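Lettering of chains follows the sequences in order, A, B, ..., and the numbering in each one begins at 1. If you're wondering where the values come from, they're calculated on a predicted model, not measured in any experiment.
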Protein chains: 2
Amino acid sequence: MQSNKLPTIKEIAKKLNVSISTVSRALHDHPSIGLVTTMRVHKVAQELGYEVNKSAIYFKERKTYTIGVIIPSLAEPFFSSALCGVEDFAGQFNYNVIIGQSLDSFEREQRIVENMKDHRVDGILVSLTKETSTYEHFDNLKKYNIPIVFFDRVPQKKDIHFVSCNLHSGMLQAITRFVAMGHKKIGLINGPAKMAATLQRLEIYFKCLKENNLPINYDIIASTTLSKEDNVKAIKKLIDQEEIPTAVMVFNDYVLLDCIATVKAAGLEVNKDISFISFANLPIWEYMDTRPLASIEQFSYRQASIATDFLFKLIETNNKGENTDSNYLQQIIDSEMVNY
Amino acid sequence: MQSNKLPTIKEIAKKLNVSISTVSRALHDHPSIGLVTTMRVHKVAQELGYEVNKSAIYFKERKTYTIGVIIPSLAEPFFSSALCGVEDFAGQFNYNVIIGQSLDSFEREQRIVENMKDHRVDGILVSLTKETSTYEHFDNLKKYNIPIVFFDRVPQKKDIHFVSCNLHSGMLQAITRFVAMGHKKIGLINGPAKMAATLQRLEIYFKCLKENNLPINYDIIASTTLSKEDNVKAIKKLIDQEEIPTAVMVFNDYVLLDCIATVKAAGLEVNKDISFISFANLPIWEYMDTRPLASIEQFSYRQASIATDFLFKLIETNNKGENTDSNYLQQIIDSEMVNY
DNA sequence: GTAGTCTACACAAACGTTTGCGTAAATAAA
DNA sequence: TTTATTTACGCAAACGTTTGTGTAGACTAC
């Protein structure tokens, strides 16, 4: 027969015949309250099992001590690892994390942003949808003083806070390694044209070829929508030639899994007839019989941690009313090739 | 030069020289407010860009429209998939999801529960820590009328709401299949003794052997703490015998990955000299050259969805003040063997 | 003309806390 | 003794909203 009502400072006050403010101050051990009173308040609070109602305070402070994280999909290790980074970091500051999966749908992304705004989160971290190319849905957040930090999949604009990963360092390591092994025909299997990451990879691929004095050859460049059939089609384009590329950069490890299966089925030997390096650094490779030479780690956990750090800095300064509009927090971290 | 202050109904009221209550009712199109007034209120609200402050309402309603999910680790696909299940389901009800990773630490689990209580979540979903064997830290939630539903890793008691997965169906399918293939020595690599899942697997293993008229042989039963070295040690115990088991049930797919590597290194051929079936149904198998015969799917997404459904039912009835203490929501779903 | 019924709105309490300000009593300084 | 200072506490506003109750004026009915 538990009472449905939770004890409040009001009841403590009534029980002790003191004012509410006295109880509040006593509970915080405020010096202006006498020692005896303070002790009596603590005692009664203990007896009643009183615990402060934080939502009242959050409401009053206009804070929720909650940040939102919007990611395309929890199912992808890259993003669940990022979420880990956020959670670990936020936890240290006693912040809560609420999540939203955009599932790579622009419309869902909009809805989630709206919803998080309604819940008055103190800040938002976003890794964009593949579809996202306009950013108006984030503008409303400014009105509510909700800072936003993008990570990994970031908008193509300058006036934002973001953390992203520079693919150049990793890909240069990869192509340099290929070259050092004697490879001259280094292909590329890229992602969907609409994705920013795709354009980025292509540019960097060209740049790295140039840095190694290799010519660009469009016959050994393919792209995939990331579906299994398309992955297979892409690698087939590369190996259905008289002189196949002996090394291939692959969009990510998932695509590579299909590539490996396909080249094997075609009677080619991986790491002999054809070598691969891809992006993602899935933990699973160490258990696979057939592995790429290396994979390029993009440090999702670290990206997310830094982004969260940025976000807290913004929340902090926002509260102080400082205007940080003009100096944006931005960091690009280097990717790194991990050998297998 | 944006104003830092958000528009409230109070300002709308002042601007129109009507009372606050009139504005509130007008915004909800309450019939007792005249059409003209209602329209004027809507118009001004629009102009000011007014949006209702939900945290004020949440505070007043003593609701947050947020549920908490406590899982051991986001990094495990099993749990991130479960989180998906929660998120998808909760999203439909416009509920938010806040997460907490216990990292299999009992102390962290306690802290997270406490924290979620402070945030006045409307309900909590929990999959227990490996370490958790007492449940007092959940008792406090009753006082706050926060319902709790356990899933997958559930407490060993009757008076709880839970969803879990019955391993018997899947293991029976597995062992029956082994037997049908002619296997007579079917081993088991089990998990840490302290885990409930371990005891459960052992009991069911015995039961399934019995159902297939096979004798229990402790020489072909090993256990592992789930560390890599221990996994290797466990499978070595089984294959370092003159007459090795020709089939082995393995605690989960991660352990199995180590087992496969070990038996290969020992010169045995998987699916010929020794066959495996394990638990988890990792999506990765289809890309592996060497696969188990099958894996037993435990439906984390479905478990989590059902648990979330239960939780909403409890939140619902709790609000109505109904006493549901005596009829617990419990469901055990059947595991299923998935062939490769 | 009086009583009764609507219509359309205002008032105020409530949710639980924090905090600036005011003040009586006690003490210290003059 | 008078004035100033300190100690210890109470009052009330504020955060933004919802909602029960009260009520002035207009209208209807007899």
A:F59 and B:F59 aromatic centres sub-6.0 Å: yes
Short side-chain N/O contact from A:T22 to OP1 or OP2 of D:dC9, under 4.0 Å: no
Cationic tip of B:K63 above B:Y65 ring, under 6.0 Å, 45° of axis: yes
Value in whole Å for how far the P atom of D:dG16 lies from CD of B:E51: 15 Å
5' priority, DNA chain C, between A:L27 and A:K10 [closest heavy atom]: A:K10
Sugar-phosphate, base or nothing in reach of A:S32, heavy atoms under 4.0 Å: base
Any B:Y58 side-chain N or O less than 4.0 Å from OP1/OP2 of D:dT18: no
Output field: ring centroids A:F106/A:H137 closer than 6.0 Å: yes
Contact under 4.0 Å: A:S24 side-chain N or O vs C:dT18 OP1/OP2: yes
Rounded to 10 degrees, the angle between the two terminal axes of the helix from C:dG1-D:dC30 to C:dA30-D:dT1, each from five pairs: 60°
Polar side chain donor-acceptor pair, B:Q330 to B:H161, under 3.5 angstrom: no
Any B:Y144 side-chain heavy atom under 4.5 Å of A:L6 side chain: yes
B:K60 side-chain N/O to C:dA13 phosphate OP1/OP2 under 4.0 Å: no
Test applied, ring pair (Phe, Tyr, Trp, His ring centres under 6.0 Å); reference residue, A:F150; option that passes from A:Y328, A:F310, A:F138, A:F162: A:F138
N or O in side chain of A:T37 less than 4.0 angstrom from D:dC9 OP1/OP2: yes
N or O in side chain of A:R25 less than 4.0 angstrom from C:dT17 OP1/OP2: no
Nearest-nucleotide comparison on DNA chain C, the residue closer to the 5′ end among B:P31 and B:A56: B:P31
Touch class at under 4.0 angstrom, heavy-atom based, for B:I9 against every strand present: base
